[in-house]
Amino acid sequence: MTDPEAQPGWVPEAIEDDEEEMPLSLRLSIADTLTLGNATCGFMAVYFTTTGILIPHLTGSQETGMARHSAATAVILMLCAAVFDLFDGLVARKLRSSPMGAELDNLSDLISFGLAPAYFVLVYGMVANDAHQRVAAVGAIVVLLAVVLRLARFSCVTVKDGTFQGMPSPFGALTVVSIVLLELPFEATLLAIIGTAWLMVSRVEYPKPRGPLAVAMLSWIVSAMGLLAAWAFDAPGGQLLLQAGCALQLVLGAVIPLFATARRVNNFRDNRREARAAQLP
């Protein structure tokens, strides 16, 4: 029996609503899936830092091998997050990204390159023999806030094409963990971490990883994974190789902006030459 008050045609309308496509803003693209892989790696880095380093320290475990494996795994996961972050931008430019792409990218970067390295610094302050836990907590907060400010500024400030303003958060996160893995005296470690946080919110220009630079960065990430694996499995010379790789990461963080500065100086000179040539009769 049908309801006499029911309006004719209501059933087809309901079917039509069900058959409508999902709004574009709610559909994930391939680039968005890579971005979610970035966030997953960042979360798992926090997990391995907790279960493999912090909890054994709190329970009095002396398994240094486990701590080394967990630290290497956590950093490798951050490197994997950097690979996802590199490729989601490339895929978004080649194919497409959903309207959620930019927001997903910022949120994922906050987890992988803000929370994960800051937590790594915090745990370092709790387990290192010469560290001061509360001071290390301040350093961790500085790293986290630097990434938050950087990502917020990136969303609302337009910069010249081909450059970043300030050290990119993936590069900053890897620099922070490299400083910790170098096992410098606590004061030097803290100062270097704060200096890296300052570079992330500074106006120093860093080139975007495109073309040959993207290939070089990917090659460096793969090499860093190999160094971490050698260190984790206590390979001959693994400790020395890891320290050399960490030191190189710090050098790159200081040297890379010079390329952007040199390019800006060359462009300024070229513009002056063109202006002078235009003034000649």
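As the structure is a computational prediction, the values presented were derived from the model and not from experiment.
- Atom CG of Leu79 sits about 10.0 Å away from atom SG of Cys41, to the nearest 0.5 Å.
- Between Ala31 and Val91 the shortest heavy-atom distance is N-CG1, 4.0 Å.
- Side-chain contact between Thr189 and Leu182 is absent, with no heavy-atom pair separated by less than 4.5 Å.
- Results of the side-chain contact (heavy atoms from CB on, under 4.5 Å) test with Phe87 over Thr35, Ile30, Leu34 single out Leu34 as the only residue that passes.
- Residue Thr49 comes nearest to Ala74 through the heavy atom pair OG1-CB, 3.4 Å, listed as atom of the first residue, atom of the second, then distance.
- Taking CD1 from Ile179 and CG from Leu191, the interatomic distance works out to 10.0 Å, rounded to the nearest 0.5 Å.
- Closest of all the heavy-atom pairs between Ala82 and Ile221 is CB-CD1, 4.0 Å.
- The side-chain heavy atoms of Leu86 and Pro209, taken from C-beta on, include a pair separated by under 4.5 Å.
- Arg153 places a side-chain N or O within 3.5 Å of a backbone atom of Val201 that can act as its donor or acceptor partner.
- Taking CG of Asp109 as the reference point, atom CG of Leu104 lies at 10.5 Å (rounded to 0.5 Å).
- A heavy-atom distance below 4.5 Å is not found between the side chains of Val215 and Pro212.
- Between Arg150 and Ser169, the shortest heavy-atom distance links the atoms NE-N, 3.5 Å.
- Leu115 places none of its side-chain heavy atoms less than 4.5 Å from the side chain of Leu110.
- In this model, no donor atom of one side chain and acceptor atom of the other lie less than 3.5 Å apart for Asn38 and Asp88.
- If you chain together hydrophobic residues whose side chains sit under 4.5 Å apart, Leu227 and Leu252 never meet in one group.
- Atom OG of Ser70 and atom CG of Leu54 lie 11.0 Å apart (nearest 0.5 Å).
- The nearest pair of heavy atoms linking Pro56 to Gly52 is CG-O, 3.5 Å.
- Residues Ser112 and Asp85 are not in side-chain contact: their nearest non-hydrogen atoms beyond the backbone lie 4.5 Å or more apart.
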I would like to know whether Val142 and Ile193 meet side-chain contact (heavy atoms from CB on, under 4.5 Å); could you show each step before the answer? CA-CA 9 Å; Val142 169; Ile193 288 172; over 6 Å; no
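- Taking the ring centroids of His69 and Phe48, they lie at or beyond the 6.0 Å cut-off.
- Shortest non-hydrogen contact noted between His57 and Met126 is NE2-O, 3.0 Å.
- Side-chain heavy atoms closer than 4.5 Å link hydrophobic residues (I, L, V, M, F, W, Y) into clusters, and following such links, even through other members, never connects Leu77 to Leu144.
- A continuous path of Ile, Leu, Val, Met, Phe, Trp and Tyr side chains, each step under 4.5 Å between heavy atoms, connects Met225 with Phe120, placing both in one hydrophobic cluster.
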Step by step, work out the side-chain contact (heavy atoms from CB on, under 4.5 Å) result for Met167 and Val204. CA-CA 7 Å; Met167 180 183 286; Val204 178; over 6 Å; no
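- Contact of the Leu242 side chain with the Cys246 side chain is registered, since non-hydrogen atoms from C-beta on lie closer than 4.5 Å.
- In this pair, Phe186 and Tyr124 present their aromatic rings parallel. The plane angle is below 30°, not in the 30 to 60° band.
- Here the CG-CD distance, from Asn129 to Glu183, works out to 10.0 Å after rounding to the nearest 0.5 Å.
- For the pair Thr59 and Ile55, the minimum side-chain heavy-atom distance is below 4.5 Å.
- A donor-acceptor contact closer than 3.5 angstrom links the side chains of Trp220 and Gln249.
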Leu228 vs Leu181, test: side-chain contact (heavy atoms from CB on, under 4.5 Å). Steps then yes/no. CA-CA 10 Å; Leu228 285 162; Leu181 292 175; 4.0 Å; yes
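- When hydrophobic clusters are built by joining Ile, Leu, Val, Met, Phe, Trp and Tyr residues whose side-chain heavy atoms come closer than 4.5 Å, directly or via intermediates, Phe84 is grouped together with Leu174.
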What verdict does the side-chain contact (heavy atoms from CB on, under 4.5 Å) test give for Met44 and Met78, after you've listed the backbone C-alpha separation in whole Å, the side-chain angles of each residue and the deciding distance to 0.1 Å? CA-CA 9 Å; Met44 293 305 296; Met78 292 185 215; over 6 Å; no
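- Placement of Trp231 and Leu250 within a single hydrophobic cluster is found when ILVMFWY residues are connected by side-chain heavy-atom separations under 4.5 Å, directly or transitively.
- The shortest distance between side-chain heavy atoms of Phe164 and Glu205 does not fall below 4.5 Å.
- Relative ring orientation between Tyr206 and Phe171 is described as tilted, the plane-to-plane angle lying within the 30° to 60° band.
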